[in-house]
Amino acid sequence: MPILKASASHLNYDDILQLDCCFSVCHINYDNSPIFNEIDGKTIATKSRKNSSSCIKKVNDVIGNLHAFNGTEKNYKSSDRISLWKVYWFEYVNVFDNLIVSLPKSIVTVYIGRHAIEIGLKYLLLKKTGQVVKEHDLGKLSELLYSKYNIKDSYMKDVDTFCELYCKYIEGENVEYFRYPEYKNNNFFAGNCLDINWISYNFMLVILKLIHFAGLDDEI
């Protein structure tokens with residue numbers, strides 16, 4: 001009997017694994033790509049990938065080159081880089097929006113929403129500074145955002161404060177909170193009585209404010 005809903009029609013635990021999926025260059029055989037906010041991944045960052053080793057034009061070129069490409073790229077053009085971060089952000093927002101409906105009390109829903117905020121903050125900072133900030137704390141990221149943009153808009157009031165308080169008093173400054181059941185220094189998950197609906201409501205509100213601040217209301 002299938003254990004998971006996704007496997008109900010055609011999968012079972014004793015099926016053979018398709019090892020070719022572990023090699024990035026093999027995927028050209030299937031002519032598929034991820035979708036970001038309803039945008040085909042093949043159309044994103046095309047300028048930067050024009051002469052990339054990942055753009056193998058012939059299926060036969062894959063033979064003997066399984067280890068030639070590891071799925072990552074370097075030296076993206078600035079416009080492509082910003083575009084990639086934007087569609088990545090929107091895709092996490094879309095998934096969070098769907099999870100609020102399908103899994104309103106799940107810890108996974110909260111984690112996806114939190115990550116959507118982090119990507120949004122980093123996207124805005126990338127646009128302003130040209131650099132991706134290597135920081136996961138939402139409080140520190142929002143503080144940096146306010147300093148770089150000198151934000152005075154009334155609708156953005158308390159976004160930075162909310163992020164700071166959430167990270168300090170719910171996550172306990174553990175940026176992996178909700179992702180794992182235990183964290184650094186032998187700290188364990190203690191959110192057994194948290195109101196997930198309340199958190200998700202405020203997360204979505206923060207996301208809406210960031211989207212409006214970015215001037216992207218019409219794109220999502």
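When a residue number appears, it is its place in the shown sequence, counting from 1. Predicted model only: the values in this text are computed from it and were never measured.
Once rounded to the nearest 0.5 Å, the distance linking CD1 of Ile196 with CZ of Phe203 reads 9.0 Å. Within the model, atoms CD of Glu164 and CG of Asp160 stand 7.5 Å from one another, a figure rounded to the nearest 0.5 Å. With rounding to the nearest 0.5 angstrom, the OH atom of Tyr92 is 11.0 Å from the CG atom of Leu99. Taking CD of Glu171 as the reference point, atom NE2 of His136 lies at 11.5 Å (rounded to 0.5 Å). Summarising the geometry, atom CZ belonging to Phe90 is positioned 12.0 Å from atom CD belonging to Glu38; distances are rounded to the nearest 0.5 Å. Taking CZ of Phe178 as the start and CD1 of Ile199 as the end, the distance is 4.5 Å to the nearest 0.5 Å.
A heavy-atom distance below 4.5 Å is not found between the side chains of Ser24 and Asn70. For the pair Pro104/Asn197, a side-chain contact is recorded, criterion being any heavy-atom separation below 4.5 Å from C-beta on. The shortest side-chain heavy-atom distance between Tyr146 and Met156 falls under the 4.5 Å cut-off. With contacts defined as side-chain heavy-atom distances shorter than 4.5 Å, the pair Ser147/Leu144 qualifies. When side chains are defined from C-beta on, Leu84 does not count as touching Asp80, because their heavy atoms never get closer than 4.5 Å. The shortest distance between side-chain heavy atoms of Tyr177 and Phe189 falls below 4.5 Å. Side-chain atoms of Lys152 and Asn150, non-hydrogen and from C-beta on, do get closer than 4.5 Å to each other. Within the 4.5 Å cutoff, the side chain of Asn174 has no heavy atoms near those of the Tyr180 side chain.
In the hydrophobic clustering of ILVMFWY residues, with side-chain heavy atoms under 4.5 Å counting as a link, Ile35 and Trp85 come out apart. Linking Ile, Leu, Val, Met, Phe, Trp and Tyr whenever their side-chain heavy atoms come within less than 4.5 Å leaves Val175 and Val206 in two separate clusters. Linking Ile, Leu, Val, Met, Phe, Trp and Tyr residues whenever their side-chain heavy atoms come within less than 4.5 Å leaves Ile207 and Leu165 in two separate clusters.
Looking only at distances, no side-chain donor or acceptor of Thr109 sits under 3.5 Å from a matching main-chain atom of Ile100. A donor-acceptor pair is defined here as one N or O able to donate and one able to accept, closer than 3.5 Å; such a pair exists between the side chain of Asp137 and the backbone of Lys140. Counting only distance, with no hydrogens or angles, the side chain of Asp20 and the backbone of Cys26 share no donor-acceptor pair below 3.5 Å. Under a 3.5 Å cut-off, the side chain of Glu182 and the backbone N or O of Asn187 do not form any donor-acceptor pair. Under the 3.5 Å distance criterion, the side-chain polar atoms of Tyr149 are left unmatched by any main-chain donor or acceptor of Phe213.
A ring-centre distance under 6.0 Å is not found for Tyr88 and Tyr123.
Ala45 and Tyr76 get closest at one heavy-atom pair: CB-CE2, 3.6 Å. Shown here for Ser33 and Lys42, the closest heavy-atom pair between the two residues is OG-NZ, 3.4 Å. Residues Asn94 and Asn98 come closest through the heavy atom pair O-ND2, 2.7 Å.
In this view, Asn202 satisfies the side-chain hydrogen bond (donor to acceptor under 3.5 Å, both in side chains) rule with no residue, not counting sequence neighbours.
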- request: Go through the steps for Ser48 and Asn75 under the test side chain to side chain contact (heavy atoms under 4.5 Å, CB included), then give the verdict.
  value: CA-CA 8 Å; Ser48 294; Asn75 304 318; over 6 Å; no
Stepwise side chain to side chain contact (heavy atoms under 4.5 Å, CB included) test for Tyr111 and Ser106: CA-CA 9 Å; Tyr111 184 78; Ser106 172; over 6 Å; no
query: Cys167 and Arg114: side chain to side chain contact (heavy atoms under 4.5 Å, CB included), yes or no, with the steps?
result: CA-CA 10 Å; Cys167 289; Arg114 188 238 194 260; 4.2 Å; yes
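Legend: salt bridge (charged side-chain N to carboxylate O under 4.0 Å, His left out) pairs involving residues 204-220, not counting sequence neighbours, sorted by first then second residue: Lys86-Glu219.
Under the 4.5 angstrom side-chain criterion for Ile, Leu, Val, Met, Phe, Trp and Tyr, the cluster partners of Tyr201 are Leu205.
Counting heavy atoms of neighbouring residues, nucleotides and ligands inside a 6.0 Å radius, atom OH of Tyr169 does not exceed 12 of them.
Relative ring orientation between Trp198 and Phe162 is described as tilted, the plane-to-plane angle lying within the 30° to 60° band.
Between Lys122 and Glu118 there is a salt bridge, with a side-chain nitrogen of the basic residue lying less than 4.0 Å from a carboxylate oxygen of the acidic one.
No option in Leu145, Ile119, Leu141 other than Leu145 meets the side chain to side chain contact (heavy atoms under 4.5 Å, CB included) test with Leu124.
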